[in-house]
A.B. asks: 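Just dropping this structure here.
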Amino acid sequence: MSHNISDALARELEQNHSPDLIKEHLTRDGYQEQEIEDALSHSSEALQAKKTQEVQSTNQIFTVKETLDHIGFGFVPNPFINILFNQIGGSYLIIGIVNGLKSSLSLLYSRWIQHRNQGEHYGKNFISKSGILFGFSFFLLSIAILLRNIPLFSISILLTGFGVVTYGDTYQYYRNTQLKKERMTPLLSFLTQYGLLLTALCLLAAGYLLESYPLDNPGTLSILGKTYPLYGYLLLFEITALCFILSGYVLSKVHEKPFSSVGESIPLRMVLREHLRQLFQNHRTLLLSLASITLGATQVLANTYYGLHIYHEFNHVFLKGFLNVAVISFIALLAALIAPGLVQKINQKIGITPLLVFGTLLTALPLLAFLYNPNLFSIIAANTLAVIGATTIGVGHDTLTKKLLREKERKPYFSSLSLLATLPFLILTTAGAFIAQYDIFLLFKILLGVLILVVFPLYFSLVVLANKPNQTPV
């Protein structure tokens, strides 16, 4: 292919002209038909080779990123952070308030991200920089523990909440726009589906390090004849920070496809106003919102204090302290892998009413175990079943929403729920934190009562409404 026609063809391709239009322009410029055909054929082969190389490179980058992310999340599970918070002087009250505030701010940030994504896409630069900042927040956690600085530790926890949101919906959406599922390599496809296995293994390693090199009795590390204290938490946070910083850097190297225009997003205040109108005019939306908010606040409090309680109550039995918490969390993560498929099969066989009864009872099992059968093995079994129960309720809630709300009602409902939940979440979790400070067992009894006497009746009422013939949405 001559240099002249190569340059002319490159100019045509840069303008995204069709093959027929390119042929017309090149013929007009005096090139022979066979010469044009050869040039187009050669260009097509080169373009295909370039696309194949880009797909391979994108697969490699996302594979490295997924691996680093799963390792990073595995080394800093929320129960470990709360236990370390407690060890440097954080009371149950402070820990509960900070976790509640983290959940509330994460809901707001998540909704803001989703809303902005309707009008503009977040590209690799935003996600990459967010990942790097997320990594640095774990350096701050390390410094806070070293200084025993509770305000700095609290601020660092809040920062990690923003990082989790960015690494959730935003990254998943971005990856799916850049690489179709069918073009993923087997390894990347495996990581996207079963990466929790890697997270679970890292969680066990983290529990071992924290138990072997505790805050009050560190190990030693000799370098060039000098001895330094070796803390488990320091190893964990440094590994995690490096994983997320490298993950963000790696993502910045991906060859980014151009985004298609998504148009203008509806102003957030209009979305909220529409949902508030529905909320007070439609009792179905009101009940759905109450059920979601109540269950969500209950789960935040449970996730905050379960690990702390297990650590303190079983610190000198079985594997001790952190390793006990790690084993329970490890099994729960394995349950999370099989839960979606299992729940879908159960849903097809028994229907929505037994599904919600089943799910609510399963989520209450850890509370029953803590209160009435406080041994480690019953708690392991109860916590594992609770994971399946939470998935069951999630599937049941989605099914109910589809049956109760019309399609035009669902979008504002889902869009505004996180905004509406923010203040109730903060109030309920703060109240729970005060109770936990006074008596953790009283909190567990209240949470159990809320699940049985509030959440279950709400869902039962919704099922009754959904089964009325005139309630089927169009």
A.B. asks: Just so I know, are the side chains of Y208 and L323 near enough to count as touching, which here means a heavy-atom distance under 4.5 Å?
C.D. replies: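 Sidechains of L323 and Y208: in contact.
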
A.B. asks: So does G359 get a backbone contact from the side chain of T392, meaning a donor-acceptor N/O pair under 3.5 Å?
C.D. replies: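 Looks like no, no N/O pair under 3.5 Å.
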
A.B. asks: Please answer whether the main-chain N or O of H70 pairs with a side-chain N or O of T199 as donor and acceptor at a distance below 3.5 Å.
C.D. replies: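 Yes, because the side chain of T199 sits within donor-acceptor range (under 3.5 Å) of the backbone of H70.
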
A.B. asks: Evaluate L376 against I310 for side chain to side chain contact (heavy atoms under 4.5 Å, CB included), listing each step before the verdict.
C.D. replies: CA-CA 8 Å; L376 193 61; I310 292 167; 4.3 Å; yes

A.B. asks: Are F244 and L133 close enough, and set up right, to give a side chain to side chain contact (heavy atoms under 4.5 Å, CB included), and what steps lead you there?
C.D. replies: CA-CA 8 Å; F244 288 124; L133 290 174; over 6 Å; no

A.B. asks: What pairs of residues pass the side-chain hydrogen bond (donor to acceptor under 3.5 Å, both in side chains) test when at least one of them lies in residues 140-153, not counting sequence neighbours?
C.D. replies: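 Qualifying pairs, neighbours excluded: S142-E238.
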
A.B. asks: For residues F318 and F377, determine if any side-chain heavy atom of one lies less than 4.5 Å from a side-chain heavy atom of the other.
C.D. replies: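 They are in side-chain contact.
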
A.B. asks: Using every non-hydrogen atom in the two residues, find where I293 and P424 come nearest and quote the distance to one decimal.
C.D. replies: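 Minimum heavy-atom contact is CG2-CB, 3.6 Å.
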
A.B. asks: Report yes if the side chains of V327 and I331 come closer than 4.5 Å at any heavy-atom pair, otherwise no.
C.D. replies: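 The answer is yes, as the side chains (C-beta and beyond) meet within the 4.5 Å cut-off.
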
A.B. asks: Where do I452 and A364 come nearest, in terms of heavy atoms and distance?
C.D. replies: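 Where I452 meets A364 most closely, the heavy atoms are CD1-CB, 4.4 Å.
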
A.B. asks: Which heavy-atom pair separates L68 from S247 by the least distance, and what is that distance?
C.D. replies: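 Looking at all heavy atoms of both residues, the shortest contact is CD1-N, 3.6 Å.
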
A.B. asks: May I have the step-by-step check of side chain to side chain contact (heavy atoms under 4.5 Å, CB included) for D439 and I435, ending in yes or no?
C.D. replies: CA-CA 6 Å; D439 185 349; I435 296 169; 5.8 Å; no

A.B. asks: Kindly indicate whether a cation-pi arrangement holds for K65 with Y171, taking the cut-offs as under 6.0 Å to the six-membered ring centre and within 45° of the axis.
C.D. replies: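 Geometry flag: set, cation within 6.0 Å and 45°.
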
A.B. asks: Does the side chain of Y459 come within less than 4.5 Å of L287's, by heavy atoms?
C.D. replies: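 In short, these two side chains do not touch, never coming nearer than 4.5 Å.
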
A.B. asks: Is there a donor-acceptor contact under 3.5 Å from the side chain of N383 to the main chain of P366?
C.D. replies: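 No.
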
A.B. asks: If every non-hydrogen atom of T422 is compared with every non-hydrogen atom of S104, which pair is closest and at what distance?
C.D. replies: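 Taking every non-hydrogen atom into account, O-OG, 3.2 Å.
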
A.B. asks: Give the C-alpha distance, both sets of side-chain angles, the deciding distance and a yes or no for side chain to side chain contact (heavy atoms under 4.5 Å, CB included) between V454 and T298.
C.D. replies: CA-CA 11 Å; V454 179; T298 302; over 6 Å; no

A.B. asks: Can a donor-acceptor pair be found, under 3.5 Å and without considering hydrogens, that links the side chain of T294 to the backbone of A291?
C.D. replies: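 Between the backbone of A291 and the side chain of T294 there is no qualifying donor-acceptor contact (under 3.5 Å).
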
A.B. asks: Would you check, one step at a time, whether the test ring pair (Phe, Tyr, Trp, His ring centres under 6.0 Å) holds for Y438 with Y92?
C.D. replies: CA-CA 9 Å; Y438 172 72; Y92 275 28; over 10 Å; no

A.B. asks: If you look at every heavy atom in L301 and A433, which pair is closest and at what distance?
C.D. replies: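 Heavy-atom minimum between the residues: CD2-N, 4.2 Å.
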
A.B. asks: Once you round to the nearest 0.5 Å, how far does CG of L295 lie from CD1 of I393?
C.D. replies: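 That separation rounds to 5.0 Å.
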
A.B. asks: Just verifying a value: how many Å separate D69 CG and L246 CG, rounded to the nearest 0.5 Å?
C.D. replies: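 So the gap between those two atoms works out to 11.0 Å.
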
A.B. asks: For T185, is there any backbone N or O sitting under 3.5 Å from a side-chain donor or acceptor partner on N59?
C.D. replies: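 A pair under 3.5 Å: yes.
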
A.B. asks: Evaluate whether atom OH of Y109 has more than 12 neighbouring non-hydrogen atoms of other residues, nucleotides or ligands under 6.0 angstrom away.
C.D. replies: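 Enclosed: over 12 neighbouring heavy atoms sit under 6.0 Å from OH of Y109.
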
A.B. asks: Using modelled atom types and a 3.5 Å cut-off, is there a donor and acceptor pairing between side-chain atoms of N82 and backbone atoms of I95?
C.D. replies: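 No; judged by distance alone, with no hydrogens or angles, the pair does not exist.
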
A.B. asks: Can you find a heavy atom in the side chain of I157 that is under 4.5 Å from one in the side chain of S154?
C.D. replies: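 In short, these two side chains do not touch, never coming nearer than 4.5 Å.
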
A.B. asks: If only atom types and distance count, is the side chain of T363 paired as donor or acceptor with the main-chain N or O of A390 below 3.5 Å?
C.D. replies: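 No; zero donor-acceptor contacts below 3.5 Å.
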
A.B. asks: For the residue pair F139 and F136, does the interplanar ring angle fall in the parallel (under 30°), tilted (30 to 60°) or perpendicular (over 60°) class?
C.D. replies: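 The rings of F139 and F136 sit tilted, inter-plane angle from 30° to 60°.
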
A.B. asks: Just verifying a value: how many Å separate T63 OG1 and L188 CG, rounded to the nearest 0.5 Å?
C.D. replies: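 One gets 4.0 Å once the value is rounded to the nearest 0.5 Å.
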
A.B. asks: How far apart are the closest heavy atoms of A336 and L196, and which atoms are they?
C.D. replies: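 Result for this residue pair: CB-CD1, 4.3 Å.
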
A.B. asks: Between S329 (side chain only) and A326 (backbone N and O only), is there a donor and an acceptor less than 3.5 Å apart?
C.D. replies: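 Checking the backbone N and O of A326 against the side chain of S329, no donor-acceptor pair under 3.5 Å is found.
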
A.B. asks: Go through the structure and list residues passing ring pair (Phe, Tyr, Trp, His ring centres under 6.0 Å) with Y194, not counting sequence neighbours.
C.D. replies: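 Result, ring pair (Phe, Tyr, Trp, His ring centres under 6.0 Å) vs Y194: F190.
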
A.B. asks: For the residue pair Y233 and F237, does the interplanar ring angle fall in the parallel (under 30°), tilted (30 to 60°) or perpendicular (over 60°) class?
C.D. replies: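 Taking F237 first and then Y233, their aromatic rings stand perpendicular (interplane angle over 60°).
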
A.B. asks: Is a side-chain N or O of T391 found less than 3.5 angstrom from the main chain of V387, in a donor-acceptor match?
C.D. replies: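 Judged by distance alone, yes, a pair lies under 3.5 Å.
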
A.B. asks: Sorted by first residue and then second, give each side-chain hydrogen bond (donor to acceptor under 3.5 Å, both in side chains) pair with at least one member in residues 301-312; sequence neighbours left out.
C.D. replies: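 Non-adjacent pairs meeting side-chain hydrogen bond (donor to acceptor under 3.5 Å, both in side chains): N86-H312, Q87-Y311.
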
A.B. asks: Do L141 and T160 touch side chain to side chain, with heavy atoms closer than 4.5 Å?
C.D. replies: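 Side chain of L141 against side chain of T160, heavy atoms only: contact under 4.5 Å found.
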
A.B. asks: If we only count heavy atoms from C-beta on, is the F85 to F80 side-chain gap below 4.5 Å?
C.D. replies: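 They are not in contact (no side-chain heavy atoms under 4.5 Å apart), so the answer is no.
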
A.B. asks: Can you tell if the side chain of L251 reaches within under 4.5 Å of the side chain of Y174, non-hydrogen atoms only?
C.D. replies: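 Side chain of L251 against side chain of Y174, heavy atoms only: contact under 4.5 Å found.
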
A.B. asks: Which value, rounded to the nearest 0.5 Å, describes the distance between L451 atom CG and I446 atom CD1?
C.D. replies: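 Spacing of CG (L451) from CD1 (I446) equals 12.5 Å.
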
A.B. asks: At what distance, to the nearest 0.5 angstrom, does OG1 of T360 lie from CG of L365?
C.D. replies: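 Spacing of OG1 (T360) from CG (L365) equals 11.0 Å.
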
A.B. asks: Has S252 got a side-chain atom pairing as donor or acceptor with Y249's backbone, closer than 3.5 angstrom?
C.D. replies: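 Judged by distance alone, yes, a pair lies under 3.5 Å.
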
A.B. asks: Could you tell me the separation between the CG atom of L234 and the CD1 atom of I239, rounded to the nearest 0.5 Å?
C.D. replies: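 Output value for this atom pair is 10.0 Å.
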
